[in-house]
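Worksheet: one structure, shown below.
Computed from a predicted structure; not experimentally measured. When reading the values below, keep in mind they use all heavy atoms of this one structure, side chains included, and skip hydrogens, waters and symmetry mates. Protein chains get the first letters and strands the later ones, always in sequence-line order, with residue 1 at the start of each.
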Number of protein chains: 2
Amino acid sequence: MTLKELSNILGLSPTTVSRALNGYPEVSEATRKRVAAAAREHGYAPNTRARSLATGRAMAIGHVIPISAKHEMVNPVFGDFIAGAGEVYSRNGYDMLLSVVPDDDEDSAYRSFITKRNVDGIILHAPTLNDPRIPLLNSLGLPYVVHGRSSDTDASYAWVDVNNKRAFQRATEFLLDLGHRRIALVNGLEHMDFAIRRRAGYEAALTARGITPDAALMFAGEMTEAQGHDLTRTLLAQPNAPTAILVSSMITAIGVRRGIEEMGLRMGRDVSLITHDDELSYFRNGADIPVYTATRSSVRDAGRKAAQMLIDIMQHRDSPREILLEADLTLGLSTGPATPLHAGTR
Amino acid sequence: MTLKELSNILGLSPTTVSRALNGYPEVSEATRKRVAAAAREHGYAPNTRARSLATGRAMAIGHVIPISAKHEMVNPVFGDFIAGAGEVYSRNGYDMLLSVVPDDDEDSAYRSFITKRNVDGIILHAPTLNDPRIPLLNSLGLPYVVHGRSSDTDASYAWVDVNNKRAFQRATEFLLDLGHRRIALVNGLEHMDFAIRRRAGYEAALTARGITPDAALMFAGEMTEAQGHDLTRTLLAQPNAPTAILVSSMITAIGVRRGIEEMGLRMGRDVSLITHDDELSYFRNGADIPVYTATRSSVRDAGRKAAQMLIDIMQHRDSPREILLEADLTLGLSTGPATPLHAGTR
DNA sequence: CCAGTTTTCCAAACCGCTTTGAATAGCTTA
DNA sequence: TAAGCTATTCAAAGCGGTTTGGAAAACTGG
């Protein structure tokens, strides 16, 4: 069913039918009703491609999902982020276009979005330190919103981010308050912006208490379960083992926990653990009593906010261009006071 | 840069330029080269919307991601499935369109894909028993491939699936061989097709050994970590507790493990555990020695295969329309013989 | 050298919608 | 009742490509 066919059925011109359906004032209420009824009856919906060719708007938003070329890893938070963003898109009539690209070849994905003209805006994922994609997108002139921020960039851009520094600073202070002095940091890849900020928070808290951050206690890597496990085993086997571990992802935390228990120790008693929790839907941190003490912020909510911001930008609506979400610190069973033994001897 | 502009620069007609770029034979090799060079130099790429309006092909494939309306849960396997499919799409020039929809309203998503004409094909996720979407899509007449199958449907359709029944039958047999007699099943939602097949495999293995499946040992629910944990605790607290547990997802298995250990028992010694492993990228089952004994099949590979099959169908290429992937059974540390104590008294 | 092919290129129509500019119909108002 | 508005409707021109049906140019061979 095309517009022309429908207009023939109605004995009207395509012009009038189009206007009736799009709510233009130059059409009488009577015919508008008649047209709407006929459209519904015949199941007419405008052909997206024709419409967007005519209007110049694609009514679609692009996401570039980077796959780490080395480890073929897809970030588990994407699922929930996209679920949140998708909600907002469909409410506003936008489609979501996904492009899965090895992260050493992302430029071409953005370029092709632009030159092929099939999206009106982009969400930028997983920004790094001084991310080159930001100047790239600025020069290409397509609206975009960054999920996260990019330290050391002077260019300006719209973003939605969690206050990673504050979150990890608070978490570290909390551990310090419990008497821990040797606290390990198991972080994401070190060029990732969120990892940089979390580390900054961690170091700031230590320094404020007169403790010099120890490079031997700080780790960066891809946030898999295995990484958490392996690191923990080596860490705890050291003579000068940490009494607490601060972890950047729930999934890694599970590995850390496994490591702790394999060593015959107990989480929350022998070793304390705080993790960041993105509130992934299939991995709720205990509905009743949280298993893990965690800095918590819903990535799905971030998805909603980023999507809304992008739509606002595209429609030239006036609204904030920077949103900083605070993570709360939820108390779980994975933290406890540094035991005298540990606290004393170390 | 539009086709017309480019053709003006070259002093050629749009027709010729279009043909040159699309590899038609009616253009001399010399001009083809000249055109290609100019296109590259000026960064010309055809406008997707205009092109697909003209050709009638959208060059895009739709995925409908259902969000369980009740639990707002997004299936963790989507990320990896989509990563696999995306690879194949981009290699073939297709875009991927995602529609995130509450699972009580999926019909409208498919219908809108069709009426708005913005995809050439669809991948159907998470099929259920006698899934109504299959007849719907058959009547709509849009090419599609199902990731999974739908029991009890007489309609025919193209699919890529894991041999779930065989996998769980083998796993159950393996546990039986180890002397286990009371084996619990922690499955996905019971209307999901994969869950039905896995249960069938489990029951078949038991029955073949003269054991009547015990309804008190079979559970169905959303596959979260919490569910695994909670079920395990109640199960193991029973007087007649199972000595082995068969689990449908790695994430649930983690919860089961947590439950086991909280009860002061050891996985692989006091309680055996086999899980299905989709080989999620951030949750590899131990690179060296697998932690879990598991029925294993890469969901990313399934994504690749499903995408390729769909493209073959859309391009009327002759290739299989049904792919059954066998899961292998990898031996890990989570299984062991039923201890005499357990095997004897129960 | 010329009719018959084959190559190479082009003008124009079309895909399905929106939008501009103009025409028609229906009301007012003087 | 004619002139002047306003409320409706429509024809036609795009949007940026592809594709059909020729036409011109370049090659054949007799």
Side-chain angles (χ1 to χ4, degrees), chain A residues 1-36 38-39 42-60 93-95 112-120 315, chain B residues 1-36 38-39 42-60 93-95 112-120 315:
Chain A
M1 174 64 52
T2 71
L3 182 66
K4 204 199 291 186
E5 288 166 13
L6 185 65
S7 64
N8 279 339
I9 293 177
L10 284 161
L12 288 170
S13 75
T15 309
T16 306
V17 177
S18 168
R19 287 187 159 154
L21 293 174
N22 291 310
Y24 283 74
E26 306 94 327
V27 55
S28 74
E29 213 39 55
T31 54
R32 188 193 304 285
K33 284 225 178 73
R34 205 158 64 88
V35 170
H42 295 87
Y44 168 79
N47 179 317
T48 314
R49 312 198 295 275
R51 159 181 276 191
S52 64
L53 179 56
T55 58
R57 284 166 297 141
M59 293 309 283
Y94 283 88
D95 288 326
S112 113
F113 268 153
I114 311 270
T115 52
K116 290 164 67 188
R117 298 268 121 103
N118 47 9
V119 301
D120 300 321
Q315 302 184 348
Chain B
M1 174 64 51
T2 71
L3 183 65
K4 204 197 294 186
E5 289 166 13
L6 185 64
S7 64
N8 279 339
I9 293 177
L10 284 161
L12 288 170
S13 76
T15 309
T16 305
V17 176
S18 168
R19 287 187 159 151
L21 293 173
N22 290 309
Y24 283 75
E26 305 94 327
V27 54
S28 74
E29 213 40 54
T31 54
R32 188 193 304 287
K33 284 225 179 72
R34 202 159 65 87
V35 170
H42 295 87
Y44 169 79
N47 179 317
T48 315
R49 313 198 294 273
R51 159 182 274 190
S52 65
L53 178 58
T55 58
R57 284 165 299 141
M59 292 308 283
Y94 283 88
D95 287 326
S112 108
F113 268 155
I114 310 272
T115 52
K116 290 162 68 186
R117 300 268 123 109
N118 47 10
V119 301
D120 300 321
Q315 302 185 347

Next on the checklist: Given C:dT18, D:dG16, D:dT8, identify the nucleotide with an atom nearest to the side chain of A:Ser28.
Outcome noted: D:dT8
Checklist entry - Ignoring hydrogens and geometry, is there a side-chain-to-backbone donor-acceptor pair from B:Ser7 to B:Leu3 under 3.5 Å? => result yes
Checklist entry - If we only count heavy atoms from C-beta on, is the B:Ile9 to B:Met1 side-chain gap below 4.5 Å? => result yes
Checklist entry - With a 4.0 Å cut-off on heavy atoms, is A:Thr31 in touch with a base, just the backbone sugar-phosphate, or nothing at all? => result sugar-phosphate
Item to check | Between C1' of C:dC9 and CD of B:Glu29, the distance in whole Å | outcome: 15 Å
Checklist entry - Rounded to the Å, how far apart are B:Asn22 CG and D:dG16 P? => result 17 Å
Checklist entry - Which nucleotide in the set D:dT19, D:dT9, C:dT18 lies at the smallest distance from any side-chain heavy atom of A:Thr16? => result D:dT9
Item to check | Minimum-distance nucleotide (side-chain atoms of B:Asn47 versus D:dG17, D:dT9, C:dC17) | outcome: D:dG17
Checklist entry - Do any N or O atoms from the side chain of A:Arg32 and from the backbone of A:Tyr24 form a donor-acceptor pair under 3.5 angstrom? => result yes
Item to check | Considering all heavy atoms, the nearest B:Ala45-A:Lys116 contact | outcome: CB-CG, 4.4 Å
Item to check | Length of the line joining A:Arg19:CZ and D:dA11:C1', which is rounded to integer Å | outcome: 12 Å
Checklist entry - Rounded to the nearest Å, what distance is computed from the NZ atom of residue A:Lys4 to the P atom of nucleotide C:dC15? => result 6 Å
Item to check | Distance test, side-chain N/O of B:Ser13 to OP1/OP2 of C:dC9, below 4.0 Å | outcome: no
Next on the checklist: Mind checking if B:Thr15 touches a base, just sugar-phosphate, or nothing, with heavy atoms under 4.0 Å?
Outcome noted: base
Next on the checklist: If I take atom CZ in residue B:Arg57 and atom C1' in nucleotide C:dC15, what distance separates them, rounded to the nearest angstrom?
Outcome noted: 13 Å
Checklist entry - Which nucleotide, D:dT9, D:dT18, D:dG17, lies nearest any side-chain atom of B:Thr55? => result D:dT18
Item to check | Phosphate-side-chain proximity, B:Arg51 and D:dG16, N/O vs OP1/OP2 below 4.0 Å | outcome: no
Item to check | Interatomic distance, A:Arg34 CZ vs D:dT8 P [rounded to whole Å] | outcome: 14 Å
Checklist entry - Under 4.0 Å: is that the gap between some side-chain N or O of A:Tyr24 and OP1 or OP2 of C:dT18? => result no
Item to check | Euclidean distance, atom CG of residue B:Asn118 to atom P of C:dG16 [Å, nearest integer] | outcome: 15 Å
Checklist entry - Between D:dG16, C:dC9, C:dC17, which nucleotide gets closest to the side-chain atoms of B:Glu26? => result C:dC9
Next on the checklist: Quick check on DNA chain D: between A:Leu53 and A:Val17, whose nearest nucleotide comes earlier from the 5' end?
Outcome noted: A:Val17
Next on the checklist: Please report the distance, rounded to the nearest Å, between CZ in A:Arg32 and P in D:dA7.
Outcome noted: 14 Å
Checklist entry - Would you say B:Ser18's side chain and B:Pro14's backbone share a donor-acceptor pair under 3.5 angstrom? => result no
